[in-house]
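A, B, ... follow the sequence lines: proteins, then strands. Residue 1 opens every chain.
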Amino acid sequence: MSEEKKSLNFIEQIIEEDLANGLPKEKLRFRFPPEPNGYLHIGHAASICLNFGLGLKYNAPVNLRFDDTNPAKEEQEYVDAIKHDIEWLGFKWDKELYSSNYFQQLYDWTLALIKEGKAYVDNQSSEEMAIQKGTPTEVGTDSPNRNRSIEENLSLFLKMKNGEFEEGSHVLRAKIDMKHVNMHMRDPIMYRILKKEHHRTGTDWCIYPMYDWTHGESDYIEQVSHSICTLEFKSHRDLYDWYVEQVYDNSKLRPKQREFARRNLSYTVMSKRKLLQLVEEGVVSGWDDPRMPTISGLRRRGYTPMSIRNFSDISGISKRENVTDVALLEHCIKDDLNKTTPRVMAVLNPVKVVITNYPEGKEEFLDANYNDYEEGFGSRLVPFSREIYIEKEDFREEANKKFFRLKLGKEVRLKNAYIIKAESCKKDENGEVTEIHCTYDEDSKSGSGTEASKRKVKGTLHWVSISHAIKAEVRVYDRLFTDEAPDGHKDVDFKEFINPKSLQIINAFAEPSLKTAKVLDRVQFQRLGYFCVDKDSTSNKLVFNRTVPLRDSWAKQNK
RNA sequence: UGACCCAUGGUGUAAUGGUAGCACUCCGGUUUUUGGUAUCGUCAGUCAAGGUUCGAAUCCUUGUGGGUCAACCA
């Protein structure tokens with residue numbers, strides 16, 4: 001067996017290079033660092049799969065670190081949801097950590113920095129500081145407070161810490177270079193006063209470290225070898241390195257930040273802010289609405305962990321802006337579900353069929369495989385009787401040869417049952433077909449082995465016996481947006497592109513074997529698509545979500 | 001009027017100076033008791049112009065296009 005050599009992505013190449021340059025393999029360590037201020041989405045999944053995938057590949061630990069330095073936005077609810085999502089995806093973190101674990105260490109390091117004259121307290125307004133900061137094309141100017149004495153800085157910072165100042169009145173800044181070409185290096189803020197209760201440290205602190213001062217140091221404390229983040233942090237890298245340099249002890253490993261492009265998906269938005277807007281304005285029912293690109297939404301929609309991991313692997317990573325076609329995600333879930341789900345029957349848009357030569361009152365239980373092509377799925381008995389439902393679209397009074405379904409005078413096979421022939425139909429005053437009268441070939445029963453059962457007829461339809469069918473609500477989803485890149489238009493708000501028909505609620509009829517289906521159970525409704533049981537289901541009413549329809553080359557042909 | 005990053009079929013990626021490959025999408029054939037699946041196939045690409053080289057998607061220069069950077073957010 002020859003192993004195909006899989007090419008490395010650019011992050012793996014960097015790692016291989018570091019390894020080749022003497023970094024011991026045991027020192028490899030990664031982390032996934034979400035801020036607990038919202039729910040994870042498919043873009044985060046790319047980062048999760050990248051980091052945890054690296055952990056698996058190099059047999060290295062991966063920490064889950066909550067970047068919780070802003071108590072104004074963060075909540076325990078999000079911590080719990082994030083952990084659940086990662087576990088559901090099937091990844092195991094080495095340690096569960098919090099940036100807030102390091103508040104004391106960060107504080108101690110800060111004191112040392114002040115003593116070295118590398119940080120100072122500024123009590124100007126944020127407006128004043130913004131002006132002094134300059135612009136990307138103009139250098140900044142020094143704060144009048146930049147040259148306070150070390151003693152004064154120490155005492156001021158202590159007062160900040162002790163709550164003696166109002167929120168917003170003072171900040172601590174790193175003294176770097178107001179003329180630096182990189183704006184992040186122009187005396188960035190290290191600490192601000194926030195008199196808010198933190199979900200973990202309570203009221204222990206009223207000063208909180210900023211992201212930049214926290215992130216690299218946290219990586220350093222945890223001895224993360226490769227700190228992988230998204231492209232927009234590229235320009236933070238100078239600062240990341242500067243901060244780490246301040247505390248670096250050369251017996252230790254120096255973490256390395258590298259950036260990759262976030263994954264975007266067509267026909268949806270990915271920013272937490274916009275997703276939150278959809279939730280708050282009631283466009284969707286919540287973070288886990290099956291139309292949302294969140295992990296929880298995809299889970300509820302019926303996506304499997306495997307399909308999402310596979311999608312991330314297939315998509316790969318790079319440094320260029322991208323919009324991945326949602327068709328690829330859909331391909332991944334269909335591919336997985338095709339191999340794993342039982343086939344059952346349900347009719348979404350019913351029309352009544354009466355089999356006139358089938359005895360009234362008679363019922364039969366027909367053996368039907370859950371999967372005709374794969375072993376191990378087993379079978380169940382499906383009730384058959386004189387009156388059944390089929391899909392309205394599966395009948396036409398007249399049609400050309402390309403229509404393989406039921407038409408007057410022609411035959412079709414009822415899946416797992418008999419061959420029937422349409423004889424006549426009844427219509428209402430609008431000309432809409434309300435009832436189809438058929439006859440059946442008694443000898444054509446599926447699997448009976450008779451000559452008649454082996455007859456080839458072009459069409460096979462799914463159906464349910466009316467008297468035995470159970471009612472079910474089926475939620476059929478379409479894309480949430482009508483535009484490929486809803487937030488990619490400069491002059492149009494993304495909400496202008498909301499698809500008004502993204503949710504269609506249908507009262508369907510399903511075969512009775514589904515009665516015992518449990519929340520999150522996944523099935524294929526034969527000829528229709530993959531569906532899963534929604535959490536809104538009750539003991540007397542099942543609710544199904546359509547995860548994804550089957551490929552429908554007939555519908556395509558008819559467009 | 002700056003710095004940095006990026007540019008390969010419609011989409012996402014690979015090729016790391018030596019045959020531009022893979023997947024999705026689209027389209028077509030075969031099989032089929034799912035117009036599904038499977039399977040076979042078609043179409044389709046190196047942003048541009050120069051340069052280095054026996055040889056450039058790859059290295060250099062310039063240009064073009066896109067992105068990022070001025071929150072007491074992360």
Base, sugar-phosphate alone, or nothing: which one does A:M210 contact when heavy atoms must sit under 4.0 Å apart? sugar-phosphate
Check this one for me: any side-chain N or O of A:R455 less than 4.0 Å away from OP1 or OP2 of B:rU33? no
Need one value for A:Q526: base, sugar-phosphate or nothing, where a base atom within 4.0 Å counts as base even if backbone is also close, heavy atoms only. base
When you compare B:rU42 with B:rA57, how far apart are their C1' atoms, in angstrom units rounded to a whole number? 25 Å
Is there a side-chain contact between A:Y530 and the phosphate of B:rG36, meaning an N or O under 4.0 Å from OP1 or OP2? no
Pair partner, B:rA23 [Watson-Crick or wobble, under 3.5 Å]: B:rU11
Gap in Å between the two P atoms, one belonging to B:rC5 and one to B:rG9, rounded: 22 Å
Starting at CD of A:E138 and ending at P of B:rC69, how long is that distance when rounded to a whole Å? 18 Å
Looking only at side-chain atoms of A:R343, point me to the closest of B:rA38, B:rG36, B:rA70. B:rG36
When the P atoms of B:rC47 and B:rG21 are considered, how many whole Å apart are they? 16 Å
Answer with base, sugar-phosphate or nothing: what part of the nucleic acid does A:Q124 contact at a heavy-atom distance below 4.0 Å? base
Rounding to the closest angstrom, what is the interatomic distance between B:rG17 and B:rA74 at atom P? 41 Å
Select one nucleotide: of B:rG67, B:rC69, B:rA74, the one nearest the side-chain heavy atoms of A:E321. B:rG67
From NZ of A:K402 over to C1' of B:rG28, roughly how many Å is that when rounded to an integer? 13 Å
Sugar-phosphate only, base, or nothing, as touched by A:V323 at under 4.0 Å among non-hydrogen atoms: sugar-phosphate
Pick base, sugar-phosphate or nothing for A:T69, based on heavy-atom distances below 4.0 Å to the nucleic acid. sugar-phosphate
In whole Å, what separates the C1' atom of B:rU37 from that of B:rU30? 14 Å
State whether A:R551 places a side-chain N or O below 4.0 Å from either non-bridging phosphate oxygen (OP1 or OP2) of B:rU37. yes
Counting only side-chain heavy atoms from C-beta out, which of B:rA74, B:rC73, B:rA15 sits nearest to A:S7? B:rA15
A:H44 vs A:F32 aromatic rings, parallel, tilted or perpendicular, using cut-offs 30° and 60°? perpendicular
Applying a 3.5 Å limit to both distances, which nucleotide forms a Watson-Crick or G-U wobble pair with B:rU33? none
Can you tell me which nucleotide in B:rC24, B:rG67, B:rC72 comes closest to the side chain of A:K490? B:rG67
Tell me the interatomic distance from A:M185, atom CE, to B:rG2, atom P, rounded to whole angstroms. 22 Å
Can you check the distance between B:rU1 and B:rC22, where both ends of the measurement are the P atom (answer in whole Å)? 49 Å
Could you tell me whether A:Y191 contacts a base, only the sugar-phosphate backbone, or nothing, with contacts defined as non-hydrogen atoms closer than 4.0 Å? nothing
Would you kindly check if the NZ (Lys) or CZ (Arg) of A:K161 is within the cone defined by 45 degrees around the ring axis of A:W205 and under 6.0 Å from the six-membered ring centre? yes
Does the ring center of A:Y78 lie less than 6.0 Å from the ring center of A:Y39? yes
Short side-chain N/O contact to B:rC26 OP1/OP2 from A:K556, under 4.0 Å: yes
Minimum-distance nucleotide to A:H184 side chain [options: B:rC24, B:rG35, B:rC69]: B:rC69
May A:Y211 be described as stacking on the base of B:rA74, applying a 5.5 Å centroid limit and a 30° limit on plane angle? no
Side chain of A:T137 only, heavy atoms from C-beta on: which candidate in B:rG2, B:rU33, B:rG67 is closest? B:rG2
Which part of the nucleic acid, if any, lies within contact of A:S315, taking any heavy atom under 4.0 Å across all strands shown: a base, the sugar-phosphate backbone alone, or nothing? sugar-phosphate
Identify whether any heavy atom of A:K415 sits under 4.0 Å from a base atom; if not, whether one sits that close to sugar-phosphate; answer base, sugar-phosphate or nothing. base
Scanning all shown strands, the Watson-Crick or wobble mate of B:rC69 with both distances under 3.5 Å is B:rG2
Does any part of the side chain of A:L381, heavy atoms only, come nearer than 4.5 Å to the side chain of A:D367, both counted from C-beta? yes
Considering heavy-atom distances to RNA chain B, does A:A417 or A:I193 have its closest nucleotide positioned more toward the 5' end? A:A417
Round to the nearest Å and state the distance from A:K319 atom NZ to B:rA7 atom P. 9 Å
Evaluate the side-chain proximity of A:V457 to A:V412: yes if any heavy-atom separation is below 4.5 Å, no if none is. no
Determine the Euclidean distance between corresponding C1' atoms of B:rA7 and B:rA14; express it in Å to zero decimal places. 16 Å
Base, sugar-phosphate or nothing for A:S446? Non-hydrogen atoms, less than 4.0 Å. base
Any donor-acceptor pair under 3.5 Å between the side chain of A:R413 and the base of B:rU33? yes
Begin with the C-alpha distance, continue with both residues' side-chain angles, and end with the deciding distance and a verdict on side chain to side chain contact (heavy atoms under 4.5 Å, CB included) for A:S47 and A:F260. CA-CA 9 Å; A:S47 175; A:F260 72 103; 4.1 Å; yes
Heavy atoms only, 4.0 Å cut-off, all strands: where does A:L550 land among base, sugar-phosphate and nothing? base
Can you tell me if A:K458 touches the phosphate of B:rG35, counting only side-chain N or O atoms and a distance under 4.0 Å to OP1 or OP2? no
Looking at B:rU13, I'd like to know if its phosphate oxygens (OP1 or OP2) sit under 4.0 Å from a side-chain N or O belonging to A:N322. yes
Check every strand shown and say whether A:N182 touches a base, only sugar-phosphate, or nothing at a heavy-atom separation below 4.0 Å. nothing
Quick check: do A:R522 and A:L337 have side-chain heavy atoms less than 4.5 Å from each other? yes
Does the side chain of A:Y98 reach to within under 4.5 Å of the side chain of A:H198, using non-hydrogen atoms? no
Taking a pair to mean Watson-Crick or G-U wobble geometry with both distances below 3.5 Å, B:rA44 pairs with none
Minimum-distance nucleotide (side-chain atoms of A:D335 versus B:rA38, B:rC73, B:rU11): B:rA38
For the ring pair A:Y240 and A:F233, is the centre-to-centre distance below 6.0 Å? no
Would a 4.5 Å heavy-atom cut-off, applied to side chains only, mark A:R65 and A:N101 as touching? no
If I pick the C1' atom on B:rU13 and the same atom on B:rG29, what distance separates them, to the nearest angstrom? 29 Å
Nearest to the A:D325 side chain among B:rU32, B:rA74, B:rU11, which nucleotide is it? B:rU11
Rounding to an integer number of Å, can you tell me how far A:K339 NZ sits from B:rG36 P? 18 Å
Using a 4.0 Å heavy-atom cut-off, does A:H462 contact any base of the nucleic acid, only the sugar-phosphate backbone, or nothing at all? nothing
Do the side-chain N or O atoms of A:R263 get closer than 4.0 angstrom to the phosphate oxygens (OP1, OP2) of B:rU13? yes
Nearest-Å distance, CG (A:D212) to C1' (B:rA70)? 14 Å
Assert: residue with more 5' nearest nucleotide on RNA chain B, out of A:L8 and A:T460, is A:L8
With a 4.0 Å cut-off on heavy atoms, is A:G529 in touch with a base, just the backbone sugar-phosphate, or nothing at all? nothing
Would you indicate what A:T324 reaches in the nucleic acid, counting non-hydrogen atoms under 4.0 angstrom: base, sugar-phosphate, or nothing? sugar-phosphate
Could you state the atom-to-atom distance from CZ of A:F404 to P of B:rG36 in whole Å? 10 Å
To the nearest angstrom, the CG-P distance between A:D552 and B:rC27 comes to 12 Å
